[in-house]
Structures are given as structure tokens and as C-alpha cells.
Amino acid sequence: MTTNTKSNLSYKVKVEKLPNSQVKVLVTVPSADFETCVEDAKKKVLGDAKLNGFRDGKVPYEAFVKNYGEFPIRQEMGYVAVDKNYVQVIVSEKIEAIGKPEIQILKVTPGEDFEYQILTDVLPEVDLPDYKKLHKEIVEDKIEDPSEDEVSDALEELRRMRITKVKKDDGTEVEEMPEIDEKFLKSVGDFKTVEDLKIRIKENIMSEKKWKAEEKRKGEIFEKLIAETKTEIPNSLVENELSKMQSKITADLSQMGVSFEDYLKHMKKTLGEWKESEIPNAKKSVILQLALHAISKKEDIKVSEETLKGEVSHLMTQYKDVDEERARAYSEERMTNTLVGEFVTTGKVPDEKEIFGSHEGHNH
């Protein structure tokens, strides 16, 4: 048990580690310190009190105690005390709390020390594999040059995208694909010859193949990182990941005019069944986030304050109702994870301007 006197309430703390990456923290505040919370508690309780014969919020203390007893005041004193020193407890004990902590007031008896308990998930310890060798172990697939068939198929797709309807003499309409002529070449990019267009198509196919190969390799590296990382998985992080997955699917479906409820009906699942089926994916995502966070701390890789401020400013401009603190936390986690992901897949600390661009931290 440790004792702290830095806050305006002195207190003792006993921290107990629990399974599943949880901790239970027992906080004890001496009776004399706890009694200093009484005036704030009276102000709050009496300000909300209602009693016949008195105006709302104007009930005298003696009349309130006579009708309701002292317990509501004592209980409010507990809330006041928690507000005054909860953050101090978490910071001084270096508790990396995540999720929403459960706070239970245990004792508010007059003349006795005040006690309350914090039960919270914490960031678990992460046993990382040798992540610096992953980029050497997993190499990119060999990329074949685009074949003539691939180029021809892409060219035909361009023609199909420019199909027009033509009226025949009998009044009926037929679809007509354009000829590959000067007009067509100009419509797809002002190319002078068919050969010029084919060269561009080959470059585009090659770029797409390169991107797919890079993404495949990155996915394989992350899969191995997940498989070889040893850590506990807090339930609160799994629930949070499931909520993010649901929000993303809902947003994607809304663009097609489909609700998440309709999606569940199509899948013939309840929300609970859907969550259950997605728990393995959510857990993998959580392990990856924990691994990237641990590597970030170990290698001291994080997005700079300048770049972060620029991105938050961009989000605040784009989304007027967004909370600045939440936007900052979201941006810092996302951008730092991106930098760490690049480090793991390339073996080099990336230049954030190359990753995010230099215009106010936003990559246009």
C-alpha cells in the first residue's frame, strides 16, 4: 500500500492485479480529509433538493436531514472526494487505464476513513517477437509484366465504359461501343496513338500489381506479428473494436441505402450472433494495435506535434461537430500506428512528410 499527500486529499492506495488484464485499486482517504468535502456535497445535494414548503433548491440543511437523513450528503461527499483524487491516483500509480472504469464507494461512515474502489481494464504487458526481422523474412511476390491479354481486356473495359445508345431508323435504340479512333483516344486522356494508350495501360496495371503485392506482403507481416505476439486481451478493447467494426459496416452500407439491421437480416443473424462471429477478427485487430503500441514505445516512434496539430485542424475544419480532444486521440493513434507499420514492414523509421504530406499534416 502506498501513501500520497500531493493532492488536496491525502490517501493510501492498494493495487491488486487481477486476471484478464484488470486491476482493483482500493483508495482510503483519512476521515479528517474526507470531512473537508462536506460543504461541496451540501451545496450539490441541497441545490437539487425538493421538499414541500420550500422552493426547489432552497431546502435548509436541517430540514433536508430531518426528512431524508444524512446518507445522501455522505454519499455525495464520496463523489466529491473521488472527483478530487481519482486522476491523481491513476497517474501516481502509473495505471494505464482503458475503457470505462467501475468506481464503487465502499465506506462513508462519519468518524471513519472514506474508502472507494476502482476496477478497470489496463493496457496489458506485451511480449513482442523479433519484429525487426519480419521485413527480411517475408518478401514481396515476384510481379509479372502485364500480358497482351491483360492490356486488351483493360482496353475493352475502357470501350465498354464509353458505350452510347444510338437510335436506328426504326426508332429502336441499340448500344454501340466506340471505335478506337482519334476521338476515343482524346476521350481517355488525349493520347496521340493507340500504342501510347497501351503504354499507359501497362503502367497502370503494373502499379496496381505492385500495390497489391505490397499490401499482401504487409498483411502477411502483420499476420505473423499477431501470431507471435503474446499478450492478454482486455474485454473492453474487444468490445471497442467490435463497435468500430459495426460503425464502419454501417457507414459503408448507408452509402448504398442499406441499414445495418437489413444487413443482419440478410446474414440471418442477431446482433449478438454477429458479434460472436466477429470476436476472432476483433481479437486479432486488438493484438495488432497492442503490438504496434508496444513497438512505438520501445522504438520511440510517434507522430510529431506539428503534424498532429495540422491533422486535427484539418479534421476540425472538415467535421464541424467533432470533439477536439477525441479528434486528437484518434489522429495520434492512427498516424503513429501508420508510422510503426511502415517501420515494421521496411525496417526503417519513415519520414512522416513522405507518409502524410507536408500540407498541415494532411496527405492530399
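Excluded from the calculations below are hydrogen atoms, water molecules and symmetry mates; all remaining heavy atoms, backbone and side chain alike, are included. Just so it is clear, the model here is predicted, and its values are computed rather than measured.
Within 6.0 Å of the CD atom in E276, the count of heavy atoms belonging to other residues, nucleotides or ligands does not exceed 12. Around the CD atom of E305, the shell of radius 6.0 Å holds more than 12 heavy atoms that belong to other residues, nucleotides or ligands. Annotation for E182: atom CD does not count as buried by contact number, only 12 or fewer foreign heavy atoms lying within 6.0 Å. In this structure, E157 places its CD atom where more than 12 heavy-atom neighbours from other residues, nucleotides or ligands lie under 6.0 Å away.
A donor atom on one side chain and an acceptor atom on the other are found under 3.5 Å apart for T193 and D196. Counted by atom type alone, S285 and E241 present one or more donor-acceptor pairs between their side chains at under 3.5 Å. There is a side-chain donor-acceptor pair under 3.5 Å between D33 and S10. Looking at Y131 and E299, their side chains do bring a donor and an acceptor atom within 3.5 Å of each other. Between the side chains of E232 and N20, no donor-acceptor pair is found at a separation under 3.5 Å. Of the N and O atoms on the side chains of T172 and D170, at least one donor lies less than 3.5 Å from an acceptor on the other residue. Checked by atom type, the side-chain pair Q88/N85 shows no donor-acceptor distance below 3.5 Å. A donor-acceptor contact closer than 3.5 angstrom links the side chains of S304 and T307.
In summary, R200 and E203 engage in a salt bridge, as defined by a charged side-chain N under 4.0 Å from a carboxylate O. Salt bridge absent: K44 and D40 never bring a charged side-chain N and a carboxylate O closer than 4.0 Å. Looking at E261 and K265, no side-chain N of the basic residue comes within less than 4.0 Å of a carboxylate O on the acidic one, giving no salt bridge. A salt bridge is absent between E223 and K218; no separation between the charged side-chain nitrogens and carboxylate oxygens falls under 4.0 Å. Ion pairing between a basic and an acidic side chain is recognised when a charged N comes within 4.0 Å of a carboxylate O; K297 and E96 show such pairing. Salt-bridge annotation for E70 and R74: absent, with no side-chain N of the basic residue lying under 4.0 Å from a carboxylate O of the acidic one. At a threshold of 4.0 Å, the pair K198-E195 does not count as salt-bridged, since none of the basic side-chain nitrogens sits closer than that to a carboxylate oxygen. With respect to E208 and K212, a salt bridge is recorded, a charged nitrogen being found less than 4.0 Å from a carboxylate O.
Shown here for A213 and E140, the closest heavy-atom pair between the two residues is CB-CG, 3.7 Å. Considering all non-hydrogen atoms of both residues, L237 and V286 come closest at O-CG2, 3.6 Å. Residues A294 and L128 come closest through the heavy atom pair CB-CD1, 3.8 Å. For K275 against L242, the heavy-atom pair with the smallest separation is O-CD2, 3.9 Å. Contact record, L155 with F184: CD1-CE2, 4.3 Å, taken as the closest heavy-atom pair. Nearest heavy atom pair, residue V312 against residue R328, reads CG2-CA, 3.6 Å.
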side-chain contact (heavy atoms from CB on, under 4.5 Å) between T270 and L264, intermediate numbers included: CA-CA 6 Å; T270 63; L264 290 177; over 6 Å; no

Trace of the side-chain contact (heavy atoms from CB on, under 4.5 Å) decision for V89 with V25: CA-CA 9 Å; V89 169; V25 185; 4.1 Å; yes

side-chain contact (heavy atoms from CB on, under 4.5 Å) between D113 and V29, intermediate numbers included: CA-CA 6 Å; D113 293 344; V29 176; over 6 Å; no

Audit row: K269, S277, side chain to side chain donor-acceptor pair (under 3.5 Å) steps and yes/no: CA-CA 10 Å; K269 288 181 179 180; S277 68; 3.3 Å; yes

Stepwise side-chain contact (heavy atoms from CB on, under 4.5 Å) check, T120 with E102: CA-CA 6 Å; T120 182; E102 295 177 24; over 6 Å; no

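The shortest side-chain heavy-atom distance between V166 and E173 does not fall under the 4.5 Å cut-off. Here the side chains of L288 and L292 are in contact, with some heavy-atom distance below 4.5 Å. Side-chain contact check for M206 versus D145: some heavy-atom pair is nearer than 4.5 Å. Looking at T28 and Y116, their side chains never come closer than 4.5 Å, going by heavy atoms from C-beta outward.
The backbone N or O of L9 sits nowhere less than 3.5 Å from a side-chain atom of K84 that would complete a donor-acceptor pair. Not one N or O on the side chain of S331 forms a donor-acceptor pair closer than 3.5 Å with the backbone of L308. A distance-only check finds no donor-acceptor pair linking the side chain of T336 to the backbone of E333 [under 3.5 Å].
Rounding to the nearest 0.5 Å gives a distance of 7.5 Å between NZ of K283 and CG of N235. Here the OG1 atom belonging to T231 is positioned 9.0 Å from the CG atom belonging to L123, to the nearest 0.5 angstrom. Between the CG atom of L339 and the CZ atom of R334 there is a distance of 10.0 Å, given to the nearest 0.5 Å. Taking CD1 of I301 as the reference point, atom CD of E352 lies at 11.5 Å (rounded to 0.5 Å). Considering CD of Q318 and CG of L315, their distance stands at 6.5 Å, rounded to 0.5 Å. Between L106 atom CG and Q104 atom CD the span is 5.0 Å, to the nearest 0.5 Å.
Between F34 and F114, the ring-plane angle classifies as parallel under the 30° and 60° cut-offs.
In summary, the aromatic rings of Y61 and F64 are positioned with their centroids too far apart to meet the 6.0 Å limit.
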